[in-house]
Number of protein chains: 2
Amino acid sequence: MSNNQFKRGELYSVINGMATTAVARRLQKNFRNAGLEITIEQWSVLYHLWKEDGLSQLELGNRTFRDKASTTRLIDNLEKQELVTRVASKDDRRINLVYLTDTAKPLQQITYELANKTMNEALQNISKDEIEVVKNVLQRVYDNLTNKDLV
Amino acid sequence: MSNNQFKRGELYSVINGMATTAVARRLQKNFRNAGLEITIEQWSVLYHLWKEDGLSQLELGNRTFRDKASTTRLIDNLEKQELVTRVASKDDRRINLVYLTDTAKPLQQITYELANKTMNEALQNISKDEIEVVKNVLQRVYDNLTNKDLV
DNA sequence: TTATATTAGTTGCATAACTAACTATATGTC
DNA sequence: GACATATAGTTAGTTATGCAACTAATATAA
């Protein structure tokens with residue numbers, strides 16, 4: 001019997017990601033309570049642009065784990081809210097580089113604070129060691145399912 | 001400084017749930033490759049009905065971590081595919097009890113097997129102890145954010 | 001240099017999520 | 001019994017997801 005055999009009844013709770021969902025919902029709520037009109041999905045894109053502005057849509061999709069269709073529409077919505085602009089690359093005109101606008105810049109500080117607050121709420125009474133194990137395991141799960149595409 | 005302070009750059013990967021997403025996508029793919037036409041969201045509802053048939057929509061929503069509007073539409077779609085039927089409760093006619101049809105019953109075995117297969121793919125080289133820590137931490141994260149609704 | 005293949009992004013279609021407002025049934029209080 | 005309140009479920013509106021088919025631009029190969 002494999003080392004990783006689950007009792008069937010336990011499977012769903014592992015797959016379900018209820019904790020992830022709960023964190024996302026709480027962060028969204030904290031955004032809303034602070035009067036921020038952005039979704040956490042939009043924020044996930046802004047987050048990567050604050051780290052490195054002017055990424056291509058494809059690269060943004062990779063970093064936020066989305067396919068290109070989802071990325072297209074997320075950026076459509078961000079553009080509608082005037083938080084980013086698309087600029088065709090001069091080297092390769094197939095590529096759209098995505099840049100933050102001045103409207104987006106002041107959101108960085110407040111959303112970082114709200115994300116920190118949310119994580120503190122989520123991680124009450126959970127030790128640093130436990131968090132490290134979780135991060136490590138989830139990374140390995142991700143790698144198990146994506147590095148080799150054997151299906 | 002709090003015990004749970006994160007370096008900012010690490011925040012997103014924790015919130016994002018990329019591992020959860022990857023597992024869900026792989027399970028969906030495994031369903032599709034086996035010729036099953038159901039979504040994992042639909043499967044999550046069937047999963048609970050196989051454990052206990054005839055639950056109310058609200059109870060199904062609780063067990064699958066959905067609000068009632070989402071539950072309504074999920075069951076609409078399951079009904080369209082003739083996998084479940086709604087039966088008004090005789091005791092309280094506001095309540096819809098949801099029952100599996102004969103069409104749904106043969107799906108149980110094959111989807112359990114595919115879920116097991118998916119979890120084995122996901123959890124390669126991850127020890128039982130690590131899995132226990134992850135499950136325990138995620139449960140506590142969930143509890144931290146839901147037991148007391150202090151926002 | 002022309003034909004073919006690849007790549008980045010968009011669009012159509014279907015499912016699903018959440019909020020808020022709504023309907024219908026039950027319950028509680030006077 | 002009548003009126004207010006609570007509860008279960010539905011509907012409308014918006015955003016997001018994924019797949020597949022498409023366009024436009026670039027790269028490769030003959």
Side-chain angles (χ1 to χ4, degrees), chain A residues 16-18 20-33 36-45 55-62 64-81 83-98 151, chain B residues 16-18 20-33 36-45 54-62 64-81 83-84 86-98 151:
Chain A
N16 170 272
M18 64 180 187
T20 303
T21 307
V23 174
R25 286 205 268 237
R26 174 60 61 95
L27 180 58
Q28 182 71 73
K29 194 193 244 179
N30 285 343
F31 279 2
R32 205 166 36 241
N33 288 349
L36 298 178
E37 297 278 303
I38 59 173
T39 66
I40 55 162
E41 292 83 3
Q42 293 169 359
W43 174 74
S44 75
V45 170
L55 295 171
S56 70
Q57 295 193 190
L58 217 61
E59 184 55 32
L60 274 172
N62 288 338
T64 61
F65 311 103
R66 287 184 175 89
D67 74 351
K68 52 191 187 169
S70 300
T71 308
T72 290
R73 288 197 245 244
L74 211 34
I75 292 174
D76 285 347
N77 283 332
L78 283 166
E79 223 173 20
K80 243 189 278 172
Q81 296 180 254
L83 294 169
V84 304
T85 50
R86 280 186 247 237
V87 179
S89 165
K90 283 179 181 160
D91 300 335
D92 183 340
R93 299 206 337 221
R94 290 170 301 183
I95 296 176
N96 283 340
L97 302 176
V98 182
V151 174
Chain B
N16 172 272
M18 62 181 190
T20 302
T21 308
V23 174
R25 286 206 270 238
R26 173 60 61 96
L27 181 57
Q28 183 70 72
K29 195 194 247 179
N30 286 343
F31 279 1
R32 207 167 33 244
N33 288 349
L36 298 178
E37 297 277 303
I38 59 172
T39 66
I40 55 161
E41 292 84 1
Q42 291 169 359
W43 174 73
S44 74
V45 170
L55 295 170
S56 71
Q57 296 193 190
L58 217 62
E59 184 54 31
L60 275 171
N62 288 339
T64 61
F65 311 103
R66 287 184 176 90
D67 73 353
K68 54 192 185 168
S70 302
T71 307
T72 289
R73 284 200 245 244
L74 211 36
I75 292 174
D76 286 347
N77 283 331
L78 283 166
E79 223 174 19
K80 244 189 280 173
Q81 296 181 254
L83 294 169
V84 304
R86 282 186 247 236
V87 178
S89 164
K90 284 182 179 160
D91 301 335
D92 182 340
R93 299 210 335 225
R94 292 172 301 184
I95 297 175
N96 284 340
L97 302 176
V98 182
V151 176

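Letters go in sequence order (proteins before strands), and every chain restarts at 1. In this text, all values refer to a predicted model and were calculated from it rather than measured experimentally.
For the OP1/OP2 pair of C:dA16 and a distance below 4.0 Å, the side-chain nitrogens and oxygens of B:Gln42 include at least one atom meeting the criterion. Between B:Thr71 and D:dG9, a side-chain N or O to OP1/OP2 separation shorter than 4.0 Å is absent. Distances shorter than 4.0 Å separate none of the side-chain N or O atoms of B:Gln28 from OP1 or OP2 on C:dT15. Residue A:Arg93 places no side-chain N or O under 4.0 Å from the OP1 or OP2 atom of D:dA24. Note on A:Arg32: a side-chain N or O is less than 4.0 Å away from OP1 or OP2 of C:dT19. In terms of phosphate contacts, B:Ser56 brings no side-chain nitrogen or oxygen within less than 4.0 Å of OP1 or OP2 of D:dA8. At C:dA14, none of the side-chain N or O atoms of B:Asn77 fall inside 4.0 Å of OP1 or OP2 (strictly under the cut-off). Residue A:Arg86 has no polar side-chain atom (N or O) positioned under 4.0 Å from OP1 or OP2 of C:dA8.
A donor-acceptor contact under 3.5 angstrom links the side-chain atoms of A:Arg94 to the base of C:dT7.
Nearer the 5' end of DNA chain D, as judged by each residue's closest nucleotide, is the contact made by B:Ile95, out of B:Ile95 and A:Ser89.
Direction of the helix axis in the helix from C:dT1-D:dA30 to C:dC30-D:dG1 shifts by 10° between the two five-pair termini, rounded to 10°.
Residues passing the side-chain contact (heavy atoms from CB on, under 4.5 Å) test with B:Arg32, sequence neighbours excluded: B:Gln28, B:Lys29. Considering only residues two or more places apart in sequence or on other chains, A:Glu41 meets the side-chain contact (heavy atoms from CB on, under 4.5 Å) condition with A:Thr39, A:Arg66, A:Leu74. In this structure, B:Arg93 has no side chain to side chain donor-acceptor pair (under 3.5 Å) partners at least two apart in sequence or on a different chain. With sequence neighbours excluded, the residues forming a salt bridge (Lys or Arg N to Asp or Glu O under 4.0 Å) with B:Arg86 are B:Asp76, B:Glu79, listed by chain and number. Judged as a side chain to side chain donor-acceptor pair (under 3.5 Å), and not counting sequence neighbours, the contacts of B:Ser70 are B:Asp67. Legend: residues meeting side-chain contact (heavy atoms from CB on, under 4.5 Å) with B:Leu58, ordered by chain and number and at least two apart, are B:Ser56, B:Lys68. Checked against side chain to side chain donor-acceptor pair (under 3.5 Å), B:Lys90 has no partners two or more places apart in sequence or in another chain.
A heavy-atom distance below 4.5 Å is not found between the side chains of B:Val87 and B:Asn96. Side-chain contact between B:Leu78 and B:Val45 is present, with at least one heavy-atom pair separated by less than 4.5 Å. Counting heavy atoms from C-beta outward, B:Phe31 and B:Arg26 have side chains that stay 4.5 Å or more apart. Taking the side chain as every heavy atom from C-beta outward, A:Leu60 and A:Val98 approach each other to under 4.5 Å.
Nearest to the side-chain atoms of B:Gln57 among the listed nucleotides C:dA16, D:dT17, D:dT10 stands D:dT10. Comparing D:dA16, D:dA25, C:dG9 by their closest approach to the side chain of A:Asp92 singles out D:dA25. Proximity note for B:Asp67 (side chain, C-beta onward) versus C:dT19, D:dG9, C:dA8: the nearest is C:dT19.
Distance CG (A:Leu60) to P (D:dT17): 13 Å, rounded to an integer number of Å. When the P atom of D:dT15 is taken as reference, atom CD of A:Glu37 falls 11 Å away, rounded to whole Å. At whole-Å resolution of the value, CD in A:Gln81 and P in D:dT14 are 13 Å apart. In this entry the distance linking CG of A:Leu74 with P of C:dA17 reads 18 Å, nearest Å. Rounded to whole Å, atom P of D:dT17 lies 14 Å from atom CD1 of B:Ile40. Distance A:Lys80 NZ to D:dT14 P: 9 Å, rounded to the nearest Å. Straight-line distance from the CH2 atom of B:Trp43 to the C1' atom of C:dA16: 17 Å, rounded to whole Å. Between the CZ atom of B:Phe31 and the C1' atom of D:dC19 there is a distance of 18 Å, rounded to whole Å.
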Between protein and nucleic acid, restricted to nucleotides 11-13 of chain C and to nitrogen or oxygen atoms under 3.5 Å apart, what atom pairs and distances do you find?
residue	atom	partner	partner atom	Å
C:dG12	N7	A:Arg73	NH2	3.4
C:dG12	O6	A:Arg73	NH2	2.4
C:dC13	N4	A:Arg73	NH2	3.4

